[in-house]
Student: 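I am attaching a structure below and will ask some questions about it afterwards.
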2 protein chains.
Amino acid sequence: MSRTIRDGAHIEVARSAARLFLEKGVAGTSGDEIAETAGISKRTLWRYFRTKESCIEPLFARMSQNLAAKLQKWPLDMTVERFLEINYDMSKIDAQEIEDSKLVVHLIARLDEEPALLEPWFMSTRATEDLMAGVIATRLELSPSDFEVRLCAATVAAAMRVIDETISRAAVKYGQVPTLAESNDRLAQAIRRASTLSFCDPVTPRGR
Amino acid sequence: MSRTIRDGAHIEVARSAARLFLEKGVAGTSGDEIAETAGISKRTLWRYFRTKESCIEPLFARMSQNLAAKLQKWPLDMTVERFLEINYDMSKIDAQEIEDSKLVVHLIARLDEEPALLEPWFMSTRATEDLMAGVIATRLELSPSDFEVRLCAATVAAAMRVIDETISRAAVKYGQVPTLAESNDRLAQAIRRASTLSFCDPVTPRGR
DNA sequence: CACAATAATGACACTAAGTGCCATTATCCG
DNA sequence: CGGATAATGGCACTTAGTGTCATTATTGTG
(Lines give C-alpha, C1' and ligand atoms only; values in the text may rest on other atoms or scores of the structure.)
Protein backbone atom coordinates (compact mmCIF):
# COMPACT_ATOMS: atom_id res chain seq x y z
CA MET A 1 0.00 0.00 0.00
CA SER A 2 1.73 3.15 -1.12
CA ARG A 3 2.16 5.71 -3.88
CA THR A 4 -1.45 6.79 -4.17
CA ILE A 5 -3.37 3.85 -2.73
CA ARG A 6 -3.58 5.54 0.68
CA ASP A 7 -7.27 6.37 0.22
CA GLY A 8 -8.39 2.98 1.49
CA ALA A 9 -6.13 3.20 4.51
CA HIS A 10 -7.81 6.34 5.80
CA ILE A 11 -11.27 4.90 6.08
CA GLU A 12 -9.92 1.79 7.77
CA VAL A 13 -8.49 3.99 10.49
CA ALA A 14 -11.79 5.89 10.64
CA ARG A 15 -13.67 2.67 11.35
CA SER A 16 -11.30 1.78 14.17
CA ALA A 17 -11.59 5.27 15.62
CA ALA A 18 -15.39 5.27 15.37
CA ARG A 19 -15.68 1.95 17.20
CA LEU A 20 -13.34 3.13 19.93
CA PHE A 21 -15.17 6.45 20.29
CA LEU A 22 -18.50 4.67 20.57
CA GLU A 23 -17.17 2.15 23.06
CA LYS A 24 -15.03 4.28 25.33
CA GLY A 25 -15.90 7.85 24.46
CA VAL A 26 -13.68 10.35 22.67
CA ALA A 27 -11.94 11.53 25.82
CA GLY A 28 -11.33 7.91 26.86
CA THR A 29 -9.64 7.06 23.58
CA SER A 30 -6.03 8.03 22.95
CA GLY A 31 -4.35 8.60 19.63
CA ASP A 32 -1.94 5.78 20.40
CA GLU A 33 -4.86 3.44 20.84
CA ILE A 34 -6.41 4.39 17.52
CA ALA A 35 -3.09 3.87 15.79
CA GLU A 36 -2.54 0.51 17.43
CA THR A 37 -6.05 -0.75 16.69
CA ALA A 38 -5.72 0.35 13.09
CA GLY A 39 -2.34 -1.30 12.82
CA ILE A 40 -0.30 1.75 11.94
CA SER A 41 2.29 3.75 13.83
CA LYS A 42 1.48 6.85 15.83
CA ARG A 43 3.47 8.92 13.41
CA THR A 44 1.48 7.72 10.43
CA LEU A 45 -1.78 8.40 12.24
CA TRP A 46 -0.86 12.05 12.70
CA ARG A 47 0.15 12.22 9.08
CA TYR A 48 -3.28 10.97 8.08
CA PHE A 49 -5.25 13.19 10.44
CA ARG A 50 -4.68 16.57 12.02
CA THR A 51 -6.67 15.82 15.16
CA LYS A 52 -8.02 12.84 17.06
CA GLU A 53 -11.61 13.87 16.35
CA SER A 54 -11.08 14.24 12.62
CA CYS A 55 -10.21 10.56 12.39
CA ILE A 56 -13.86 9.74 11.78
CA GLU A 57 -14.31 12.25 8.97
CA PRO A 58 -13.72 9.72 6.18
CA LEU A 59 -16.83 7.87 7.36
CA PHE A 60 -18.96 10.99 7.02
CA ALA A 61 -17.20 11.82 3.77
CA ARG A 62 -18.10 8.44 2.37
CA MET A 63 -21.80 9.15 2.94
CA SER A 64 -21.42 12.50 1.21
CA GLN A 65 -19.65 10.89 -1.71
CA ASN A 66 -22.35 8.28 -2.10
CA LEU A 67 -24.91 11.01 -2.18
CA ALA A 68 -22.85 12.96 -4.67
CA ALA A 69 -22.51 9.99 -6.97
CA LYS A 70 -26.28 9.62 -6.99
CA LEU A 71 -27.13 13.28 -7.36
CA GLN A 72 -24.93 13.58 -10.39
CA LYS A 73 -27.33 11.25 -12.16
CA TRP A 74 -30.40 13.24 -11.21
CA PRO A 75 -32.17 13.90 -14.53
CA LEU A 76 -33.22 17.49 -15.13
CA ASP A 77 -36.80 16.46 -15.81
CA MET A 78 -37.42 14.65 -12.54
CA THR A 79 -38.68 15.75 -9.11
CA VAL A 80 -36.66 15.14 -5.92
CA GLU A 81 -39.30 12.81 -4.60
CA ARG A 82 -39.18 10.55 -7.62
CA PHE A 83 -35.41 10.69 -7.79
CA LEU A 84 -34.89 9.69 -4.17
CA GLU A 85 -37.52 7.00 -4.53
CA ILE A 86 -35.92 5.17 -7.41
CA ASN A 87 -32.41 5.72 -6.15
CA TYR A 88 -32.42 4.71 -2.55
CA ASP A 89 -34.20 1.49 -3.22
CA MET A 90 -31.78 -0.36 -5.39
CA SER A 91 -28.40 0.98 -4.40
CA LYS A 92 -27.60 -0.35 -0.92
CA ILE A 93 -25.90 -3.58 -1.90
CA ASP A 94 -22.45 -3.29 -0.38
CA ALA A 95 -22.18 -4.96 3.06
CA GLN A 96 -19.29 -2.73 4.03
CA GLU A 97 -21.39 0.31 3.29
CA ILE A 98 -24.19 -0.89 5.53
CA GLU A 99 -21.68 -1.42 8.31
CA ASP A 100 -20.31 2.07 7.79
CA SER A 101 -23.81 3.54 7.83
CA LYS A 102 -24.46 1.93 11.17
CA LEU A 103 -21.33 3.46 12.61
CA VAL A 104 -22.32 6.86 11.28
CA VAL A 105 -25.83 6.60 12.67
CA HIS A 106 -24.50 5.73 16.11
CA LEU A 107 -21.98 8.54 16.00
CA ILE A 108 -24.68 11.06 15.09
CA ALA A 109 -26.92 9.78 17.85
CA ARG A 110 -24.15 10.52 20.36
CA LEU A 111 -23.68 14.14 19.38
CA ASP A 112 -25.35 15.33 22.58
CA GLU A 113 -23.16 13.40 24.98
CA GLU A 114 -20.02 13.76 22.91
CA PRO A 115 -19.60 17.39 21.88
CA ALA A 116 -16.17 16.50 20.53
CA LEU A 117 -17.93 14.77 17.64
CA LEU A 118 -19.63 18.00 16.62
CA GLU A 119 -16.66 19.39 14.74
CA PRO A 120 -16.29 16.51 12.26
CA TRP A 121 -20.05 16.43 11.87
CA PHE A 122 -20.20 20.13 11.04
CA MET A 123 -17.32 19.71 8.64
CA SER A 124 -19.34 17.03 6.93
CA THR A 125 -22.37 19.30 6.71
CA ARG A 126 -20.13 21.90 5.15
CA ALA A 127 -19.03 19.38 2.55
CA THR A 128 -22.66 18.52 1.84
CA GLU A 129 -23.34 22.22 1.43
CA ASP A 130 -20.66 22.52 -1.26
CA LEU A 131 -22.00 19.43 -2.90
CA MET A 132 -25.54 20.78 -2.99
CA ALA A 133 -24.28 24.08 -4.35
CA GLY A 134 -22.88 22.14 -7.29
CA VAL A 135 -26.13 20.26 -7.86
CA ILE A 136 -28.29 23.35 -7.61
CA ALA A 137 -25.98 25.34 -9.86
CA THR A 138 -26.08 22.64 -12.49
CA ARG A 139 -29.86 22.32 -12.46
CA LEU A 140 -30.49 26.04 -12.61
CA GLU A 141 -27.55 26.90 -14.86
CA LEU A 142 -25.97 29.22 -12.32
CA SER A 143 -22.53 29.46 -10.76
CA PRO A 144 -21.86 27.37 -7.62
CA SER A 145 -20.46 30.50 -6.01
CA ASP A 146 -23.53 32.60 -6.77
CA PHE A 147 -25.03 34.06 -3.61
CA GLU A 148 -28.51 32.69 -4.24
CA VAL A 149 -27.06 29.25 -4.84
CA ARG A 150 -24.97 29.37 -1.66
CA LEU A 151 -27.98 30.44 0.35
CA CYS A 152 -30.15 27.67 -0.99
CA ALA A 153 -27.39 25.09 -0.54
CA ALA A 154 -26.93 26.16 3.07
CA THR A 155 -30.61 25.88 3.98
CA VAL A 156 -30.97 22.55 2.20
CA ALA A 157 -27.84 21.12 3.82
CA ALA A 158 -29.11 22.30 7.20
CA ALA A 159 -32.41 20.54 6.59
CA MET A 160 -30.63 17.35 5.61
CA ARG A 161 -28.57 17.56 8.76
CA VAL A 162 -31.65 17.90 10.94
CA ILE A 163 -33.22 14.91 9.22
CA ASP A 164 -30.08 12.85 9.77
CA GLU A 165 -29.92 13.83 13.40
CA THR A 166 -33.60 13.19 14.00
CA ILE A 167 -33.65 9.79 12.33
CA SER A 168 -30.38 8.65 13.90
CA ARG A 169 -31.45 9.63 17.38
CA ALA A 170 -34.87 8.02 17.00
CA ALA A 171 -33.26 4.83 15.72
CA VAL A 172 -30.53 4.46 18.33
CA LYS A 173 -32.26 5.85 21.39
CA TYR A 174 -35.85 4.82 20.86
CA GLY A 175 -35.47 1.91 18.47
CA GLN A 176 -37.68 3.61 15.92
CA VAL A 177 -36.17 2.48 12.65
CA PRO A 178 -38.12 3.94 9.73
CA THR A 179 -38.57 2.17 6.43
CA LEU A 180 -36.62 3.36 3.43
CA ALA A 181 -39.79 4.84 1.99
CA GLU A 182 -40.47 6.82 5.15
CA SER A 183 -36.93 8.19 5.32
CA ASN A 184 -37.08 9.18 1.69
CA ASP A 185 -40.37 10.92 2.16
CA ARG A 186 -39.11 12.90 5.10
CA LEU A 187 -35.89 13.82 3.40
CA ALA A 188 -37.54 14.86 0.15
CA GLN A 189 -40.15 16.90 1.94
CA ALA A 190 -37.55 18.65 4.08
CA ILE A 191 -35.34 19.42 1.10
CA ARG A 192 -38.24 20.81 -0.86
CA ARG A 193 -39.46 22.99 1.95
CA ALA A 194 -35.99 24.22 2.83
CA SER A 195 -35.03 25.28 -0.68
CA THR A 196 -35.02 28.97 -1.45
CA LEU A 197 -34.66 28.21 -5.16
CA SER A 198 -36.89 25.76 -6.99
CA PHE A 199 -34.46 23.09 -8.09
CA CYS A 200 -36.62 20.25 -6.79
CA ASP A 201 -39.01 20.22 -9.71
CA PRO A 202 -38.22 19.42 -13.33
CA VAL A 203 -36.14 22.17 -14.85
CA THR A 204 -36.02 23.01 -18.53
CA PRO A 205 -32.66 23.86 -20.03
CA ARG A 206 -33.21 27.41 -21.11
CA GLY A 207 -30.48 27.52 -23.72
CA ARG A 208 -30.84 26.74 -27.43
CA MET B 1 -13.22 39.97 40.40
CA SER B 2 -14.65 36.75 41.67
CA ARG B 3 -17.68 34.85 42.89
CA THR B 4 -19.86 35.32 39.81
CA ILE B 5 -18.33 38.34 38.12
CA ARG B 6 -16.23 36.15 35.86
CA ASP B 7 -18.45 36.85 32.86
CA GLY B 8 -16.63 40.05 32.00
CA ALA B 9 -13.25 38.38 32.29
CA HIS B 10 -14.04 35.84 29.58
CA ILE B 11 -14.80 38.34 26.87
CA GLU B 12 -11.69 40.33 27.74
CA VAL B 13 -9.64 37.24 27.02
CA ALA B 14 -11.64 36.66 23.86
CA ARG B 15 -10.72 40.11 22.58
CA SER B 16 -7.03 39.47 23.22
CA ALA B 17 -7.23 36.10 21.51
CA ALA B 18 -9.09 37.52 18.51
CA ARG B 19 -6.52 40.25 17.99
CA LEU B 20 -3.68 37.76 18.20
CA PHE B 21 -5.39 35.32 15.85
CA LEU B 22 -5.97 38.09 13.31
CA GLU B 23 -2.43 39.36 13.61
CA LYS B 24 -0.39 36.17 13.73
CA GLY B 25 -2.79 33.42 12.76
CA VAL B 26 -4.20 30.75 15.02
CA ALA B 27 -1.27 28.37 14.57
CA GLY B 28 1.16 31.21 15.25
CA THR B 29 -0.48 32.07 18.54
CA SER B 30 0.22 30.02 21.65
CA GLY B 31 -1.96 29.59 24.68
CA ASP B 32 0.73 31.14 26.82
CA GLU B 33 0.68 34.23 24.67
CA ILE B 34 -3.08 34.63 24.96
CA ALA B 35 -2.87 34.28 28.72
CA GLU B 36 -0.03 36.76 28.99
CA THR B 37 -1.72 39.34 26.74
CA ALA B 38 -4.93 39.00 28.70
CA GLY B 39 -3.08 39.32 31.97
CA ILE B 40 -4.05 36.00 33.49
CA SER B 41 -2.12 32.85 34.25
CA LYS B 42 -1.94 29.90 31.88
CA ARG B 43 -3.85 27.80 34.33
CA THR B 44 -6.73 30.26 34.53
CA LEU B 45 -6.89 30.45 30.74
CA TRP B 46 -7.45 26.70 30.49
CA ARG B 47 -10.07 26.94 33.19
CA TYR B 48 -11.91 29.56 31.15
CA PHE B 49 -11.63 27.74 27.82
CA ARG B 50 -11.31 24.12 26.78
CA THR B 51 -9.31 24.85 23.65
CA LYS B 52 -7.26 27.62 22.15
CA GLU B 53 -9.77 28.13 19.34
CA SER B 54 -12.75 28.41 21.67
CA CYS B 55 -11.20 31.48 23.28
CA ILE B 56 -13.02 33.66 20.74
CA GLU B 57 -16.44 32.14 21.36
CA PRO B 58 -17.56 34.82 23.84
CA LEU B 59 -17.28 37.37 21.03
CA PHE B 60 -19.62 35.37 18.83
CA ALA B 61 -21.81 34.65 21.83
CA ARG B 62 -22.15 38.34 22.51
CA MET B 63 -23.58 38.91 19.04
CA SER B 64 -26.03 36.07 19.59
CA GLN B 65 -27.06 37.49 22.92
CA ASN B 66 -27.65 40.92 21.45
CA LEU B 67 -29.84 39.36 18.84
CA ALA B 68 -31.65 37.34 21.48
CA ALA B 69 -32.32 40.41 23.57
CA LYS B 70 -33.88 42.09 20.58
CA LEU B 71 -35.87 39.13 19.35
CA GLN B 72 -37.49 38.70 22.72
CA LYS B 73 -39.16 42.02 22.16
CA TRP B 74 -40.48 41.11 18.74
CA PRO B 75 -44.23 41.82 18.95
CA LEU B 76 -46.47 39.05 17.69
CA ASP B 77 -48.27 41.41 15.33
CA MET B 78 -45.23 42.61 13.44
CA THR B 79 -43.36 41.36 10.34
CA VAL B 80 -39.63 40.55 10.41
CA GLU B 81 -38.88 43.33 8.01
CA ARG B 82 -40.48 45.96 10.18
CA PHE B 83 -38.98 44.53 13.33
CA LEU B 84 -35.43 44.51 12.02
CA GLU B 85 -35.94 47.97 10.59
CA ILE B 86 -36.94 49.66 13.81
CA ASN B 87 -34.52 47.63 15.92
CA TYR B 88 -31.20 47.78 14.17
CA ASP B 89 -31.36 51.51 13.70
CA MET B 90 -31.39 52.81 17.20
CA SER B 91 -29.52 50.21 19.19
CA LYS B 92 -25.86 50.46 18.20
CA ILE B 93 -24.71 52.97 20.77
CA ASP B 94 -22.05 51.18 22.77
CA ALA B 95 -18.51 51.87 21.53
CA GLN B 96 -17.24 48.60 22.91
CA GLU B 97 -19.88 46.73 20.98
CA ILE B 98 -18.83 48.37 17.74
CA GLU B 99 -15.25 47.36 18.42
CA ASP B 100 -16.35 43.79 19.12
CA SER B 101 -18.40 43.71 15.93
CA LYS B 102 -15.35 44.70 13.94
CA LEU B 103 -13.34 41.87 15.44
CA VAL B 104 -16.12 39.42 14.65
CA VAL B 105 -16.43 40.63 11.07
CA HIS B 106 -12.69 40.23 10.52
CA LEU B 107 -12.70 36.78 12.07
CA ILE B 108 -15.55 35.65 9.84
CA ALA B 109 -13.81 37.04 6.78
CA ARG B 110 -10.80 34.85 7.57
CA LEU B 111 -12.69 31.60 7.75
CA ASP B 112 -11.26 30.43 4.43
CA GLU B 113 -7.60 30.90 5.35
CA GLU B 114 -8.05 29.88 8.96
CA PRO B 115 -10.01 26.64 9.13
CA ALA B 116 -9.30 26.50 12.84
CA LEU B 117 -11.82 29.30 13.27
CA LEU B 118 -14.57 27.19 11.75
CA GLU B 119 -15.31 25.27 14.92
CA PRO B 120 -16.14 28.25 17.13
CA TRP B 121 -18.09 29.77 14.26
CA PHE B 122 -20.16 26.63 13.83
CA MET B 123 -20.72 26.49 17.56
CA SER B 124 -22.05 29.99 17.36
CA THR B 125 -24.39 29.05 14.54
CA ARG B 126 -25.60 26.19 16.68
CA ALA B 127 -26.34 28.63 19.48
CA THR B 128 -28.24 30.86 17.06
CA GLU B 129 -30.20 27.83 15.98
CA ASP B 130 -31.31 27.13 19.55
CA LEU B 131 -32.16 30.78 19.96
CA MET B 132 -34.30 30.83 16.84
CA ALA B 133 -36.02 27.64 17.92
CA GLY B 134 -37.11 29.50 21.01
CA VAL B 135 -38.35 32.50 19.06
CA ILE B 136 -40.23 30.40 16.53
CA ALA B 137 -41.75 28.21 19.23
CA THR B 138 -42.99 31.26 21.09
CA ARG B 139 -44.53 32.88 18.05
CA LEU B 140 -46.27 29.76 16.86
CA GLU B 141 -47.12 28.37 20.31
CA LEU B 142 -45.15 25.17 19.77
CA SER B 143 -42.42 23.39 21.69
CA PRO B 144 -38.80 24.43 20.99
CA SER B 145 -37.96 20.73 20.62
CA ASP B 146 -40.72 20.09 18.10
CA PHE B 147 -39.32 18.66 14.87
CA GLU B 148 -40.90 21.28 12.64
CA VAL B 149 -39.52 24.03 14.86
CA ARG B 150 -36.02 22.52 14.85
CA LEU B 151 -36.10 22.21 11.08
CA CYS B 152 -37.16 25.79 10.58
CA ALA B 153 -34.65 27.05 13.12
CA ALA B 154 -31.86 25.18 11.35
CA THR B 155 -32.67 26.57 7.92
CA VAL B 156 -33.09 30.10 9.24
CA ALA B 157 -29.84 29.93 11.22
CA ALA B 158 -28.06 28.63 8.13
CA ALA B 159 -29.41 31.55 6.11
CA MET B 160 -28.27 34.02 8.76
CA ARG B 161 -24.84 32.44 8.71
CA VAL B 162 -24.55 32.80 4.94
CA ILE B 163 -25.57 36.43 5.19
CA ASP B 164 -22.98 37.07 7.89
CA GLU B 165 -20.27 35.38 5.87
CA THR B 166 -21.19 37.16 2.67
CA ILE B 167 -21.36 40.61 4.21
CA SER B 168 -18.19 40.14 6.28
CA ARG B 169 -16.18 38.91 3.34
CA ALA B 170 -17.42 41.68 1.08
CA ALA B 171 -16.59 44.28 3.72
CA VAL B 172 -13.10 43.08 4.64
CA LYS B 173 -11.88 41.80 1.30
CA TYR B 174 -13.54 44.13 -1.15
CA GLY B 175 -14.27 47.15 1.00
CA GLN B 176 -17.97 46.93 0.24
CA VAL B 177 -19.57 48.10 3.45
CA PRO B 178 -23.36 48.07 3.11
CA THR B 179 -25.65 50.50 4.86
CA LEU B 180 -27.67 49.34 7.83
CA ALA B 181 -30.80 49.43 5.70
CA GLU B 182 -29.21 47.22 3.06
CA SER B 183 -28.01 44.67 5.59
CA ASN B 184 -31.41 44.57 7.21
CA ASP B 185 -33.11 44.06 3.90
CA ARG B 186 -30.86 41.21 2.97
CA LEU B 187 -31.16 39.57 6.35
CA ALA B 188 -34.93 39.89 6.52
CA GLN B 189 -35.34 38.59 3.01
CA ALA B 190 -33.07 35.63 3.63
CA ILE B 191 -34.81 34.75 6.89
CA ARG B 192 -38.21 34.91 5.29
CA ARG B 193 -37.25 32.79 2.32
CA ALA B 194 -35.40 30.25 4.44
CA SER B 195 -38.23 29.65 6.90
CA THR B 196 -40.19 26.45 6.58
CA LEU B 197 -42.79 27.77 9.01
CA SER B 198 -44.42 31.16 8.66
CA PHE B 199 -43.27 32.95 11.77
CA CYS B 200 -42.15 36.05 9.88
CA ASP B 201 -45.60 37.53 9.50
CA PRO B 202 -47.93 38.71 12.24
CA VAL B 203 -49.24 35.76 14.20
CA THR B 204 -52.50 35.67 16.08
CA PRO B 205 -52.57 34.02 19.48
CA ARG B 206 -54.94 31.17 18.90
CA GLY B 207 -55.98 30.62 22.50
CA ARG B 208 -59.08 31.89 24.26
C1' DC C 1 -15.67 44.46 62.25
C1' DA C 2 -14.27 39.86 62.42
C1' DC C 3 -14.59 35.24 60.97
C1' DA C 4 -16.03 31.22 58.65
C1' DA C 5 -17.37 29.35 54.15
C1' DT C 6 -16.57 29.27 49.52
C1' DA C 7 -15.17 30.69 44.92
C1' DA C 8 -11.32 32.20 42.00
C1' DT C 9 -6.63 32.15 41.02
C1' DG C 10 -1.74 30.72 40.52
C1' DA C 11 2.31 27.49 40.67
C1' DC C 12 4.07 23.27 39.32
C1' DA C 13 4.28 18.81 37.84
C1' DC C 14 2.31 15.81 34.59
C1' DT C 15 -0.29 13.49 30.42
C1' DA C 16 -1.31 13.43 25.80
C1' DA C 17 -1.81 15.63 21.26
C1' DG C 18 0.73 16.77 17.44
C1' DT C 19 5.37 18.11 14.69
C1' DG C 20 10.29 17.91 12.82
C1' DC C 21 13.80 15.22 11.35
C1' DC C 22 16.01 11.43 9.45
C1' DA C 23 16.60 6.63 8.37
C1' DT C 24 14.20 2.72 6.22
C1' DT C 25 11.10 0.42 3.27
C1' DA C 26 7.85 -0.12 -0.38
C1' DT C 27 6.36 1.07 -5.08
C1' DC C 28 6.65 2.78 -9.73
C1' DC C 29 8.84 3.24 -14.13
C1' DG C 30 12.37 2.76 -17.58
C1' DC D 1 17.51 -4.76 -12.17
C1' DG D 2 18.13 -0.03 -10.47
C1' DG D 3 17.24 4.68 -9.54
C1' DA D 4 13.63 8.06 -8.30
C1' DT D 5 10.09 8.98 -5.29
C1' DA D 6 6.31 8.25 -2.06
C1' DA D 7 4.96 6.14 2.33
C1' DT D 8 6.18 4.67 6.74
C1' DG D 9 8.36 4.23 11.37
C1' DG D 10 11.24 5.72 15.33
C1' DC D 11 12.49 9.15 18.39
C1' DA D 12 13.11 13.45 20.33
C1' DC D 13 10.62 17.59 21.08
C1' DT D 14 6.98 21.32 21.56
C1' DT D 15 2.69 22.74 23.24
C1' DA D 16 -2.16 22.06 24.47
C1' DG D 17 -4.58 20.87 28.32
C1' DT D 18 -5.37 18.51 33.31
C1' DG D 19 -4.79 17.28 38.42
C1' DT D 20 -3.53 18.78 42.68
C1' DC D 21 -2.83 21.82 46.25
C1' DA D 22 -1.72 26.09 48.46
C1' DT D 23 -3.02 31.04 48.43
C1' DT D 24 -5.93 34.90 47.87
C1' DA D 25 -10.18 37.35 47.21
C1' DT D 26 -15.23 37.56 48.11
C1' DT D 27 -19.49 37.09 50.26
C1' DG D 28 -22.61 36.47 53.94
C1' DT D 29 -23.50 36.36 58.94
C1' DG D 30 -23.42 37.46 63.87
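Hydrogens, waters and symmetry mates play no part in the numbers below; they use all other heavy atoms, side chains included. Letters A, B, ... mirror the listed sequences (proteins, then strands); counts begin at 1.
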Student: Mark yes or no: R186(A) above the aromatic ring of F147(B), with NZ or CZ under 6.0 Å from the six-membered ring centre and no more than 45 degrees from the axis.
Tutor: yes
Student: Determine: side-chain N/O of Y48(B) to OP1/OP2 of dT9(C), distance under 4.0 Å, yes or no.
Tutor: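 Yes, because at least one side-chain N or O of Y48(B) sits under 4.0 Å from OP1 or OP2 of dT9(C).
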Student: Less than 4.0 angstrom from a charged side-chain N to a carboxylate O is my criterion; do R150(A) and D130(A) meet it?
Tutor: yes
Student: If you draw a 6.0 Å radius around NZ in K173(A), do more than 12 non-hydrogen atoms from other residues or ligands fall strictly inside?
Tutor: yes
Student: If the threshold is 4.0 Å, N to carboxylate O, is there a salt bridge linking E129(B) and R126(B)?
Tutor: no
Student: Going 5' to 3' through nucleotides 10-19 of chain C, assign each nucleotide B (protein heavy atom under 4.0 Å from a base atom), S (under 4.0 Å only from sugar-phosphate atoms) or - (no protein heavy atom that close).
Tutor: BBB----SBB
Student: Regarding T128(B) and T125(B), is there a side-chain donor-to-acceptor distance under 3.5 Å anywhere?
Tutor: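 Note: T128(B) and T125(B) side chains miss the donor-acceptor criterion.
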Student: Figure out the CD/P separation between E36(B) and dT9(C), and round it to whole Å.
Tutor: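 Nearest whole value for this atom pair: 18 Å.
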